[in-house]
Q: 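So that we are looking at the same thing, I have put the structure below in structure tokens.
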Amino acid sequence: QVQLVESGGGLVQAGGSLKLSCAASGRTFSNYAMGWFRQAPGEDRKFVAGISGSGRDTSYVDSVEGRFTISRDNAKNTAYLQMNSLKPEDTAVYYCAQYAGLVYIRNTVTSWGQGTQVTVSS
């Protein structure tokens, strides 16, 4: 059974930084793409960033491109989301996700973490 446990959320002022971590267990970590999604109050959960199983390929939603960096350490079974230059509109619950295979194909998430709150004050 796959388990994804996020950590690193919190309250930060606009312009600040946070680094989220997602510790995975249950299957061979490097065989699966990972992603980060977020859900703001009253909105649907949305894709933020994805990384392939090898870590060579990444993708970002336009609104975070250049500010956020997704990475992974396959030796530690952990994915990360480094968030810089945070804005109030980045406030949301952030979820770690594991995909069905090596690449992050839309609508193929098979496991979710419990979520971690990120709040950016103006």
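On a predicted model such as this, the values are computed, not experimentally measured, just so you know. The first residue of the sequence shown is numbered 1, and numbering continues consecutively from there.
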Q: Can Trp36 be reached from Val64 by stepping across I, L, V, M, F, W or Y side chains whose heavy atoms are under 4.5 Å apart?
A: yes
Q: Kindly determine whether Cys22 and Met34 satisfy side-chain contact (heavy atoms from CB on, under 4.5 Å), including the steps that lead there.
A: CA-CA 9 Å; Cys22 173; Met34 298 295 293; 4.0 Å; yes
Q: Give me the atom names and distance for the closest heavy-atom approach of Gln117 to Val93.
A: OE1-CG2, 3.2 Å
Q: Hey, does the side chain of Ser54 reach the backbone of Arg56 with a donor-acceptor pair shorter than 3.5 angstrom?
A: yes
Q: Output yes when a side-chain donor or acceptor of Glu6 lies under 3.5 Å from a complementary backbone atom of Leu20, and no otherwise.
A: no
Q: Take Thr78 and Asp73 through the test side-chain hydrogen bond (donor to acceptor under 3.5 Å, both in side chains) and record every step on the way to the result.
A: CA-CA 5 Å; Thr78 303; Asp73 185 335; over 6 Å; no
Q: Testing the basics here: between Ser17 and Asn84, what is the closest heavy-atom pair and its distance to 0.1 Å?
A: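 Closest heavy-atom pair between Ser17 and Asn84: OG-OD1, 2.9 Å.
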Q: Could you walk me through whether Tyr94 and Leu81 satisfy the side-chain contact (heavy atoms from CB on, under 4.5 Å) test, starting with their C-alpha distance in whole Å, then the side-chain angles of each, then the deciding distance to 0.1 Å, before giving a yes or no?
A: CA-CA 10 Å; Tyr94 283 70; Leu81 185 67; 4.2 Å; yes
Q: Kindly confirm or rule out a cation-pi arrangement of Arg45 over Tyr95, judged by NZ or CZ under 6.0 Å from the six-membered ring centre and within 45° of its axis?
A: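 Yes, cation above the ring, under 6.0 Å and within 45°.
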Q: So, does Asn74 use its side chain to make a donor-acceptor pair with the main chain of Gly53 at under 3.5 Å?
A: yes
Q: Can you give me the closest heavy-atom contact between Thr69 and Tyr60, atom names plus distance?
A: CA-OH, 3.4 Å
Q: Give a yes or no on whether the backbone of Val120 and the side-chain of Thr91 come within a donor-acceptor separation of less than 3.5 Å.
A: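 Yes, Thr91 side chain to Val120 backbone: donor-acceptor pair under 3.5 Å.
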Q: Any donor-acceptor pair under 3.5 Å linking the side chain of Arg72 with the backbone of Gly55?
A: no
Q: When you measure from the side chain of Tyr104 to the backbone N and O of Gln98, does any donor-acceptor pair fall under 3.5 Å?
A: no
Q: Is a donor from one side chain sitting under 3.5 angstrom from an acceptor on the other, for Arg27 and Gln1?
A: no
Q: Looking only at heavy atoms, what is the nearest atom pair of Ser122 and Ala14, with distance?
A: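 It is CA-CB, 4.4 Å.
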Q: Looking only at heavy atoms, what is the nearest atom pair of Val118 and Gly9, with distance?
A: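 Answer, listing the atom of Val118 first, then Gly9: CG2-CA, 4.2 Å.
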Q: Okay, side chain of Gln82, backbone of Lys19: is any donor-acceptor separation there less than 3.5 Å?
A: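 No, Gln82 side chain to Lys19 backbone: no donor-acceptor pair under 3.5 Å.
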Q: Think Lys46 forms a cation-pi with Phe37, using NZ or CZ under 6.0 Å from the six-ring centre and within 45 degrees of its axis?
A: no
Q: Would you say CD of Gln3 has more than 12 non-hydrogen atoms from neighbouring residues, nucleotides or ligands within 6.0 angstrom?
A: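 12 or below, so no.
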Q: Under the 6.0 Å and 45° cation-pi test, does Arg106 pair with Phe47?
A: no
Q: So if you build clusters from Ile, Leu, Val, Met, Phe, Trp, Tyr with side-chain heavy-atom gaps below 4.5 Å, do Tyr32 and Leu4 land together?
A: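 They do not share one cluster, since no chain of ILVMFWY contacts under 4.5 Å joins Tyr32 to Leu4.
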Q: Give a yes or no answer on whether the side chain of Tyr99 reaches the backbone of Ile51 with a donor-acceptor pair at less than 3.5 Å.
A: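 No, because the side chain of Tyr99 does not come within donor-acceptor range (under 3.5 Å) of the backbone of Ile51.
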Q: Take Phe68 and Leu86, measure what side-chain contact (heavy atoms from CB on, under 4.5 Å) needs, and give me the verdict at the end.
A: CA-CA 9 Å; Phe68 290 12; Leu86 282 161; 3.8 Å; yes
Q: Is there a continuous path of hydrophobic side-chain contacts, each under 4.5 Å between heavy atoms, that joins Ile70 to Val103?
A: no
Q: Decide whether Glu65 and Ser63 meet the rule of one side-chain donor and one side-chain acceptor closer than 3.5 Å.
A: no
Q: Out of curiosity, Thr119 OG1 to Asp90 CG, how far, rounded to the nearest 0.5 Å?
A: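 Spacing of OG1 (Thr119) from CG (Asp90) equals 11.0 Å.
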